[in-house]
Each structure stands twice: as structure tokens, then as C-alpha cells.
Amino acid sequence: LIKIIIGELPVLLDVDHAVLCLEGSAKNYHVLHDLPIRFLKNGSIEKLMNGTDQPVLLRDDINGDTLLYPTTTAVALVRSDALLRLKFSKTTGLLVFATRHPGYFDAEQGTDFLKFMGRVIEKMCIRDRAWASWLSSLDSSRDISNFMATRVPPSTSCTSRAMRSR
């Protein structure tokens with residue numbers, strides 16, 4: 001599921017980069033540093049979404065954010081992004097689609113498709129038994145490195161094929 005979200009969706013949507021973020025324990029953040037999931041401190045997603053409860057935020061002319069993008073190359077390239085809030089039972093997630101083209105996403109665009117896609121991704125994560133059990137135990141002291149090692153191949157990259165080919 002992560003491989004599709006991070007690797008295939010950016011190609012289908014003609015964007016350069018996708019990032020999946022989850023709010024969770026800061027002690028586990030270092031474990032996931034090289035994996036295609038970013039862990040954020042609690043409250044970070046609300047701050048990124050400008051304090052609103054909107055499911056989607058489109059930003060049209062930005063500089064990349066080191067909180068969201070895992071490499072300095074991605075931070076330097078990102079100029080426009082779409083942030084999709086994902087709601088799970090014990091945590092909040094954020095799916096970010098980014099591009100190097102300023103104005104690619106802007107506040108005047110419709111967001112119905114992105115809202116729908118966010119809800120589908122939430123449901124798919126809940127239906128995946130391993131994800132569901134991990135998400136429900138997010139607040140526990142369970143070591144998530146073993147879980148992630150079995151769910152995400154080490155070769156999976158946060159940079160989509162679209163970004164690598166440009």
C-alpha cells in the first residue's frame with residue numbers, strides 16, 4: 001500500500017513527489033528516518049493545515065518544508081503542494097503531493113477528487129490488518145521498527161519515478 005501511495009500515485013497524478021506523514025511518538029521518529037513515512041510531532045498537521053479542520057489544503061507558491069520533505073533535494077525543488085489530512089482512530093496523517101511547478105496547485109482549484117482519494121486511502125489503511133493493528137497501537141511503547149521492516153522494502157524511495165525522470 002505504501003509503495004502504491006508513494007511510488008505510483010505521483011506518476012498517475014503527474015506530480016514530482018509524495019510524502020506520507022503520521023503524527024506519533026517523537027521517540028520513534030529516528031527509526032523511520034530512511035523509510036517513506038515521516039513521523040511528525042503531535043499538533044504538526046494542524047499547524048501545517050493553518051489551524052483549520054479542512055481535509056485538503058492547496059499551496060501554490062511555496063518553498064519546500066524540511067518537516068515534510070525528507071531530502072534537501074526535495075526541499076529545494078518543491079514549489080507547490082497539496083496536503084490531504086488523513087484521520088485514523090488514534091492519530092492523524094497527512095498525504096502530501098508536491099511539484100516543482102509554482103501554481104500547479106492553488107486555492108481556487110476544486111478539491112473533491114483529493115478529498116475522495118484521502119477517504120479511500122484512510123479506508124484502505126484500516127482494511128489492511130497489519131496497518132490497522134499498528135495504527136491502533138500507535139500510543140503504546142511497541143517498537144515499530146520491526147513492523148516497518150516487514151511492511152516496507154528498504155529499496156522503496158520517497159521520490160517518485162516522475163521526479164527521477166525529469
### Query
Would you find a donor on one side and an acceptor on the other, under 3.5 Å apart, between the side chain of Ser80 and the backbone of Phe105?
yes

### From CG (Leu67) to NZ (Lys41), nearest 0.5 Å
9.5 Å

### Summary
Heavy atoms of Leu58 and Ala82 approach each other most closely as CD2-CB, 3.5 Å

### Task
For residues Lys87 and Glu122, report the shortest heavy-atom separation together with the two atoms involved.
N-OE2, 2.7 Å

### Message
Check for me whether the distance between the ring centres of Tyr69 and His17 falls short of 6.0 Å.
### Response
yes

### Task
Mind checking side chain to side chain donor-acceptor pair (under 3.5 Å) for Arg85 and listing every partner two or more places apart, or none if nothing turns up?
none

### Query
Does one hydrophobic cluster hold both Leu12 and Ile4, with members joined at side-chain heavy-atom distances below 4.5 Å?
no

### Task
Any chance you could lay out the side chain to side chain contact (heavy atoms under 4.5 Å, CB included) test for Leu68 and Leu94, step after step, and finish with the verdict?
CA-CA 9 Å; Leu68 293 176; Leu94 190 68; 3.9 Å; yes

### Message
I'd like to know if the side chain of Gln109 reaches the main chain of Tyr104, judged simply by a donor and an acceptor atom lying under 3.5 Å from each other, with no hydrogens or angles considered.
### Response
yes

### Side-chain donor/acceptor of Asn50 to backbone N/O of Thr52, under 3.5 Å
no

### Message
Under the criterion side chain to side chain contact (heavy atoms under 4.5 Å, CB included), I'd like the reasoning laid out for Phe116 against Val120: C-alpha separation, chi angles, the key distance, then a yes or no.
### Response
CA-CA 6 Å; Phe116 173 75; Val120 169; 3.6 Å; yes

### Query
Nearest 0.5 Å, what's the CG-OG1 distance between Leu57 and Thr111?
10.0 Å

### Query
Is atom CD of Glu46 surrounded by more than 12 heavy atoms (other residues, nucleotides or ligands) closer than 6.0 Å?
no

## Note on the structure
Closest non-hydrogen contact found for Ile5 with Ala18 is O-CB, 3.9 Å

### Message
Looking at Arg59 and Asp81, would you say the former's side chain and the latter's main chain have a donor-acceptor pair under 3.5 Å?
### Response
no

### Query
Going by atom types alone, do Asp16 and Thr99 pair a side-chain donor with an acceptor below 3.5 Å?
yes

### Task
Carefully, step by step, assess Leu40 and Leu22 under the rule side chain to side chain contact (heavy atoms under 4.5 Å, CB included).
CA-CA 6 Å; Leu40 307 175; Leu22 294 173; over 6 Å; no

### Task
Would you please test Asp65 and Val75 for side chain to side chain contact (heavy atoms under 4.5 Å, CB included) and show each step?
CA-CA 6 Å; Asp65 189 335; Val75 169; over 6 Å; no

### Query
In Å and rounded to the nearest 0.5 Å, what is the CG to CG distance from Leu114 to Leu83?
10.5 Å

#### Entry: Matching residue for Ile121 among Arg119, Met117, Met124, Lys123 - test: side chain to side chain contact (heavy atoms under 4.5 Å, CB included)
Met117

### Message
Testing the basics here: between Pro102 and Asp61, what is the closest heavy-atom pair and its distance to 0.1 Å?
### Response
CB-OD1, 3.7 Å

### Summary
Nearest heavy-atom contact between Val19 and Cys21 is CG1-SG, 3.7 Å

### Query
At what distance, to the nearest 0.5 angstrom, does CG of Leu20 lie from CZ of Phe39?
9.0 Å

### Query
Are the side chain of Glu23 and the backbone N or O of Ile45 linked by a donor-acceptor pair below 3.5 Å?
yes

